[in-house]
Amino acid sequence: MASRSSVLEEELSCPVCSEIFRDPVVLSCSHSFCKACLQQYWEQKGSRECPVCRRRSSKDQPSISMSLRNICEAFLKERSQRAKAGPEVLCSLHSEKLKLFCLDDDEPICVDCLTGTHRNHNFCPRDEAALKYKEKLRSALAPLQEKLKAFNAVKLVCDQTAEHIKSQAQHTERQIKMEFEKLQQVLKDEEAARITALREEEKQKSQMMKEKIAKMTKEISSLSEQIRTIEQKLGAEDVSFLQSYKDLEKRARCTLADPEKVSGALIDVAKHLGNLKYRVWEKMLGTVQYTPVTLDPNTAHPNLSLSEGLTSVRCCGEIQQVPDNPERFDRWGCVLGSEGFSSGKHCWDVEVGDEDYCVVGVAKESIKRKTDFTLSPAGGVWSIRQISGKYTALSSSPTALTVQRKPQRVRVQLDWDRGEVSFSDPSDNTPLYTFKHSFTERVFPFFNPGSLRICPLKVSVRVE
């Protein structure tokens with residue numbers, strides 16, 4: 001049995017092209033055709049007759065059937081929508097449309113199902129159930145959308161981090177090359193200086209030997225001439241020999257001192273090569289610095305700018321484009337040292353100069369980085385603060401410190417095992433404040449600066 005849709009489609013199809021009517025016209029015999037199909041048929045036949053019943057039409061231009069055209073357009077539109085939605089699913093038991101929804105079994109059913117497997121079940125119209133469940137699903141979708149938003153946000157950070165990693169690697173590589181170029185230049189300069197000293201010694205001693213050789217050559221020539229003269233007189237006649245004897249006797253007396261070998265004439269090779277590597281290394285120590293604390297740029301707040309050597313920091317007043325990684329502070333303008341301590345004694349000096357604001361101390365590793373925290377032991381920070389020359393120990397109850405003069409440097413001393421963090425003025429060892437706490441985790445040097453610098457230590461060589 002043909003479906004209602006197929007019957008309708010057949011009724012709305014042009015007998016000539018078998019497609020749904022396009023601009024349908026109706027003849028006096030009541031047969032309808034597409035306007036273009038009818039005109040083409042008449043041109044081929046050479047007469048105006050109906051393609052179906054062969055009756056001649058009395059009109060040169062048949063009138064368009066507006067009602068039929070509207071019906072055809074509506075049918076085409078509905079068919080297009082059905083095609084997009086896919087074929088309508090029918091009940092597998094009764095081959096009827098699923099117009100109802102069983103609330104007990106949560107499945108669409110047809111009317112005949114109410115007298116069968118879904119007898120006495122609660123039900124509602126399919127459209128009503130679809131609307132209700134779509135709203136329910138939209139509510140369930142909201143958390144997924146939020147989750148997606150969170151993933152996209154983290155992915156964006158990851159993308160930025162990946163780019164920052166490349167930038168960090170390139171910048172760090174340039175710095176490494178620059179530092180090694182400086183060291184290589186020191187070695188080249190030292191090599192040149194030592195070769196110059198060697199050549200200068202060679203020049204001096206070569207000149208000395210040249211003068212010595214010239215003098216010896218002159219004396220040898222004089223002695224040779226003297227010997228030759230005496231030997232000639234020894235072969236003369238007796239009378240002539242005797243007449244010149246006294247003069248020859250004087251000549252035969254040698255007044256020249258015995259020749260001496262030259263000591264210290266050779267190059268002092270030991271001076272140039274003895275412990276050469278050690279001597280060069282010892283001299284290089286004057287060109288290098290060691291700081292007990294280096295700053296960790298991965299923890300620095302975006303408005304902090306660190307020096308190339310990671311030993312000084314200042315507040316630059318503008319937010320820099322850096323990844324929002326978990327280690328980075330984003331509420332307070334803070335930065336940590338790169339190395340944490342979980343035992344032993346440690347000490348470093350911080351140059352604060354004439355800055356109007358700075359905080360120095362230590363902080364526990366688990367300090368909050370992304371939310372507010374207090375600059376106190378309760379917040380995981382043991383520090384002192386300087387504001388316009390006034391110092392305060394940031395203890396549980398901030399304690400004002402009395403200083404005779406504003407320190408240019410502050411010394412921080414950590415004794416992790418004894419649980420002490422001490423602050424003093426290193427210029428005269430004046431104590432400022434000491435915290436006592438039993439540490440249970442790693443602590444890091446902590447800085448909340450306006451501008452400050454970690455002071456380098458004096459480097460020395462000791463031979464044992």
Review point. Would you call R194 and E190 a salt bridge, taking side-chain N to carboxylate O under 4.0 Å as the test?
Key: yes
**Study point:** Residues R138, E135: salt bridge by 4.0 Å N-O rule
**Key:** yes
Practice item. For residues V288 and V186, determine if any side-chain heavy atom of one lies less than 4.5 Å from a side-chain heavy atom of the other. Key: no
Exercise for review: For H171 and E308, test the side chains for any donor-to-acceptor distance below 3.5 angstrom and give the result as yes or no.
Suggested key: yes
**Study point:** Residues E201 and H272: side-chain donor-acceptor under 3.5 angstrom
**Key:** yes
Practice item. May I ask you to check whether Q404 and T430 show a side-chain donor-acceptor distance below 3.5 Å? Key: no
Review point. Going by atom types alone, do Q168 and N298 pair a side-chain donor with an acceptor below 3.5 Å?
Key: yes
Exercise for review: Determine whether more than 12 heavy atoms belonging to other residues, nucleotides or ligands lie under 6.0 Å from atom NZ of K406.
Suggested key: yes
Exercise for review: Verify the ring-centre separation between Y133 and F101: is it less than 6.0 angstrom?
Suggested key: yes
Practice item. Please test Y391 against D425 for side-chain contact (heavy atoms from CB on, under 4.5 Å), starting from the C-alpha separation and ending with a verdict. Key: CA-CA 12 Å; Y391 280 79; D425 181 350; over 6 Å; no
**Study point:** Main-chain N/O of E351 paired to Q408 side chain as donor or acceptor, under 3.5 Å
**Key:** no
Practice item. For salt bridge (Lys or Arg N to Asp or Glu O under 4.0 Å), just list the numbers for K132 and E128, CA-CA rounded to whole Å, side-chain angles, deciding distance to a tenth of an Å, and then say yes or no. Key: CA-CA 6 Å; K132 174 183 176 182; E128 180 182 326; over 6 Å; no
Check your understanding: Taking side chain as C-beta onward, heavy atoms only, is P51 less than 4.5 Å from L38?
Key -> yes
Check your understanding: So, for W42 and F33, is the gap between ring centers shorter than 6.0 Å?
Key -> no
Review point. Do E73 and K77 meet the salt-bridge criterion of a basic N to acidic O distance under 4.0 Å?
Key: no
**Study point:** F447 vs T299 side-chain heavy atoms within contact, under 4.5 Å
**Key:** no
Check your understanding: Are H437 and V443 close enough that some pair of their side-chain heavy atoms sits under 4.5 Å apart?
Key -> no
Point to revise | Aromatic ring pairing F446/F329, orientation class (parallel under 30°, perpendicular over 60°, tilted between) | key: perpendicular
**Study point:** Pair K155 + D159: basic N to acidic O under 4.0 Å
**Key:** yes
Review point. Considering residues, nucleotides and ligands other than E282, do more than 12 of their heavy atoms fall under 6.0 Å from its CD?
Key: yes
Practice item. Determine whether P292 and H346 make a side-chain contact, defined as any pair of heavy atoms from C-beta on separated by less than 4.5 Å. Key: no
Review point. Do L90 and K97 come close enough that some side-chain heavy atom pair is under 4.5 Å?
Key: yes
Check your understanding: For the residue pair H118 and H121, does the interplanar ring angle fall in the parallel (under 30°), tilted (30 to 60°) or perpendicular (over 60°) class?
Key -> perpendicular
Revision key, fill the gap. When rounded to the nearest 0.5 Å, the distance separating CD of E420 from CZ of F435 is 12.5 Å
